[in-house]
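Only one structure is covered here, and it is reproduced in the block below.
Throughout, a chain's letter reflects where its sequence line sits, starting with A, and its residues are numbered from 1. The figures here come from the full heavy-atom set of this structure, side chains too, leaving out hydrogens, waters and symmetry mates.
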There are 2 protein chains.
Amino acid sequence: MNLHDLKSVCGSCTIRELCLPAGLSDEEVHLLDQHMDHRQVVSKGDYLYRVGDPFRSLFAVSSGFFKTVLLHEDGRGQITGFQMMGELLGLEAIHSDHHVCDAIALEDSAVCAISFDQFEQLGQIMANLQHRFNKDLSREIVREHNVMMLLGSMRSEERLANFLIDLADRHAHRHQSSVEMTLRMTREDIGSYLGLKLETVSRLLSRFHDEGLLEVRGRRVKILDRNALALRRTETHN
Amino acid sequence: MNLHDLKSVCGSCTIRELCLPAGLSDEEVHLLDQHMDHRQVVSKGDYLYRVGDPFRSLFAVSSGFFKTVLLHEDGRGQITGFQMMGELLGLEAIHSDHHVCDAIALEDSAVCAISFDQFEQLGQIMANLQHRFNKDLSREIVREHNVMMLLGSMRSEERLANFLIDLADRHAHRHQSSVEMTLRMTREDIGSYLGLKLETVSRLLSRFHDEGLLEVRGRRVKILDRNALALRRTETHN
DNA sequence: AGGGTACAATGACATAAGTCAAAATCTGAT
DNA sequence: ATCAGATTTTGACTTATGTCATTGTACCCT
């Protein structure tokens, strides 16, 4: 039995309610299972897909952590998101039938692949699934709106505070500690996502640490004063 | 007969191929027409919808020009996009059944409203339409990725050059001049979208003007040297 | 266990873009 | 046509963040 090519089974999946099948009935999930593709392991540092790869499947993160990177011709890169358990990868590729960014595992991970052709067919006979999927696409648009707000209108401290609170909330939603977290990405990755340089991120973390909002030891972060941190997300935080 | 409440008819619409029905057969468009809601006029400065409004319809811009603005609690606002003829408004609202940004007409405009409930039903019986819509949602995600790149990794000059070229291309795609354009938005709007202050936008326009890339007279812009302008979009433009 | 490579922290300094202010221009209403 | 308010331009100055350089730390591989 090969871990790299295991059939996905949403029906018995522990994160079913965090993922694509959330809200579907047992029968519907069973139907979805019959159309699921394989399960796939991706080691830390490996690419799940790259710019230009033909688009065949959507991926649901089953375990682990990913980043998606948009590459600019002149070598610059922009991290457009970090994906954890239950989140979908590949939505950007539907438009052109090709992936337009790289997806890279930041720790040993596993994904469930969903053939998009089959998924669309299934959507035709399962209004619920299609509706959920429309919502997932819309949610991604909303998330990106919020990142635009962050990048376009916030100062560095606000950006980092938002980032940390968002990360904590996503952990909480997965029943993981939203107080102690280990960051899966480098300071440079955080900087890229937030439109800052790694030195700035490092300085801000030190500042939050010195001010007693966080305890930072390398990639281990402990949120000591969530309220105070949350206030730093906005201009008017006196 | 009231312009404010005219039945939409995609079948005879001049921008049919720029809009939602692009690529559909005549029969399919006919079916779509039967499910279209009303046509609606929006005067310059008016809101098509506001944050918190319940989501009932998607809107296709039939004529005119809109901006969408995301409001932050502390009063700051971020423009998340400018929409012209054939583009869809309201995609962000599917997720929560409520609009999460304001849509404001920047000139006298008209939109076609599409009841989303009916649209989803139609998608169930018309795979082509559903497929196109998935692509439209994905395209919006890609567009926002590119804005994130712009806001997160580019310098002010590059941002403005990108903005102008993008605008020109969208005009060209609509068979409008991509050389002479009149900007529908203020310098402040441009600045908000690009994460810059209006003074910076003004200075950059003056600079491009002085360098002979553009002719700028208020909101009339003429692109004199498209190639040179296109080069300014990237770091390595010596 | 040790040694090498990647990552992170910190200081000194540079600079792109922001801020504040004044003048110029445009626009729309009467 | 005229005026008032909105928008744009431009200048002088400030500042947040970037850049460069150094040292410190952690992690991975044999």
Side-chain angles (χ1 to χ4, degrees), chain A residues 43-46 67 75-79 104-108 150-164 182-211 214-221 232 235 237, chain B residues 43-46 67 76 78-79 104-108 150-164 182-211 214-221 232 235 237:
Chain A
S43 307
K44 179 173 177 175
D46 282 357
K67 66 175 175 184
R76 284 177 286 188
Q78 171 73 29
I79 293 185
I104 301 163
L106 293 182
E107 60 178 329
D108 290 346
L150 183 143
L151 291 170
S153 315
M154 294 190 189
R155 292 172 317 94
S156 61
E157 189 178 274
E158 300 169 322
R159 296 186 200 185
L160 187 64
N162 268 282
F163 173 74
L164 291 169
T182 85
L183 304 175
R184 257 64 235 219
M185 70 296 280
T186 66
R187 304 286 190 261
E188 187 169 18
D189 285 338
I190 299 174
S192 171
Y193 184 61
L194 299 179
L196 303 169
K197 293 297 166 181
L198 72 296
E199 292 94 330
T200 304
V201 173
S202 180
R203 277 186 245 273
L204 288 168
L205 285 171
S206 300
R207 180 145 105 218
F208 285 162
H209 180 109
D210 294 345
E211 294 176 332
L214 302 177
E215 194 175 297
V216 182
R217 289 221 348 265
R219 298 206 186 172
R220 294 287 313 164
V221 172
R232 300 300 180 92
E235 188 85 309
H237 72 261
Chain B
S43 307
K44 179 173 177 173
D46 282 356
K67 66 174 174 182
R76 284 177 286 188
Q78 171 73 30
I79 294 186
I104 301 163
L106 294 183
E107 61 179 330
D108 289 347
L150 182 141
L151 291 170
S153 315
M154 293 190 192
R155 292 172 317 94
S156 62
E157 188 178 274
E158 301 170 322
R159 296 186 200 185
L160 187 65
N162 267 282
F163 173 74
L164 291 169
T182 87
L183 304 175
R184 257 65 233 218
M185 70 295 282
T186 66
R187 304 287 191 258
E188 188 170 18
D189 285 338
I190 299 174
S192 172
Y193 184 61
L194 299 179
L196 302 170
K197 294 295 166 184
L198 71 298
E199 293 95 330
T200 304
V201 173
S202 180
R203 276 186 245 273
L204 287 168
L205 285 170
S206 300
R207 182 146 103 216
F208 285 163
H209 180 109
D210 294 346
E211 294 176 333
L214 302 176
E215 194 175 297
V216 182
R217 288 222 349 265
R219 298 206 184 172
R220 296 284 317 162
V221 172
R232 299 300 179 94
E235 186 85 310
H237 71 262

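Atom CD1 of A/Ile190 is separated from atom C1' of C/dA9 by 14 Å (rounded to the nearest Å). Distance CG (A/Leu198) to C1' (D/dT23): 15 Å, rounded to an integer number of Å. Regarding A/Lys197, its NZ atom lies at a distance of 15 Å from the C1' atom of C/dA14, rounded to whole Å. The CZ-C1' distance, from B/Arg155 to D/dG18, rounds to 12 Å in whole Å. In this structure, B/Leu204 places its CG atom 14 Å from P of D/dT8, rounding to the nearest Å. For A/Glu235 and C/dG18, the CD to C1' distance is 12 Å, given to the nearest whole Å. Distance, B/Arg76 CZ to C/dG18 C1': 14 Å, rounded to whole Å. Atom-to-atom, CG of B/Asp108 to P of C/dT27 comes out at 15 Å; the value is rounded to the nearest Å.
Between B/Arg187 and D/dT9 there is a side-chain N or O to OP1 or OP2 distance below 4.0 Å. Within the 4.0 Å cut-off from OP1 or OP2 of D/dT17, at least one side-chain nitrogen or oxygen of A/Ser156 is found. At the phosphate of C/dG18, OP1 or OP2 sits under 4.0 Å from a side-chain N or O atom of B/Thr200. Contact annotation: A/Lys44 side-chain N/O to D/dC28 OP1/OP2 distance is under 4.0 Å. Proximity of B/Ser202 to the phosphate of D/dT7: no side-chain N or O atom is located under 4.0 Å from OP1 or OP2.
Heavy atoms of A/Gly195 sit under 4.0 angstrom from primed sugar atoms or phosphate atoms, though from no base atom. Contact annotation for B/Leu196: backbone-only contact, meaning every heavy-atom pair under 4.0 Å involves sugar-phosphate atoms and none involves a base.
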For a salt bridge (Lys or Arg N to Asp or Glu O under 4.0 Å) check, start with the C-alpha distance between B/Arg220 and B/Glu215, then their side-chain angles and the critical distance, and finish with the verdict. CA-CA 8 Å; B/Arg220 296 284 317 162; B/Glu215 194 175 297; over 6 Å; no
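Of all the heavy atoms in B/Arg187 and B/Gly218, the pair that sits closest is NH2-O, 2.7 Å.
A heavy-atom distance below 4.5 Å is found between the side chains of B/Leu204 and B/Leu196.
Applying the 3.5 Å distance criterion, the base of C/dG11 shares a donor-acceptor pair with the side chain of A/Arg203. Residue-to-nucleotide contacts include a donor-acceptor pair under 3.5 Å from the side chain of A/Glu199 to the base of D/dC20.
Applying side chain to side chain contact (heavy atoms under 4.5 Å, CB included) to A/Arg184 and the options A/Lys44, A/Arg219, A/Glu107 leaves one that passes, A/Glu107.
Along DNA chain D, the nucleotide closest to A/Arg217 and the one closest to B/Leu205 are compared, and the more 5′ of them pairs with B/Leu205.
B/Ser192 contributes no side-chain N or O that, together with a main-chain N or O of B/Glu188, makes up a donor-acceptor pair within less than 3.5 Å.
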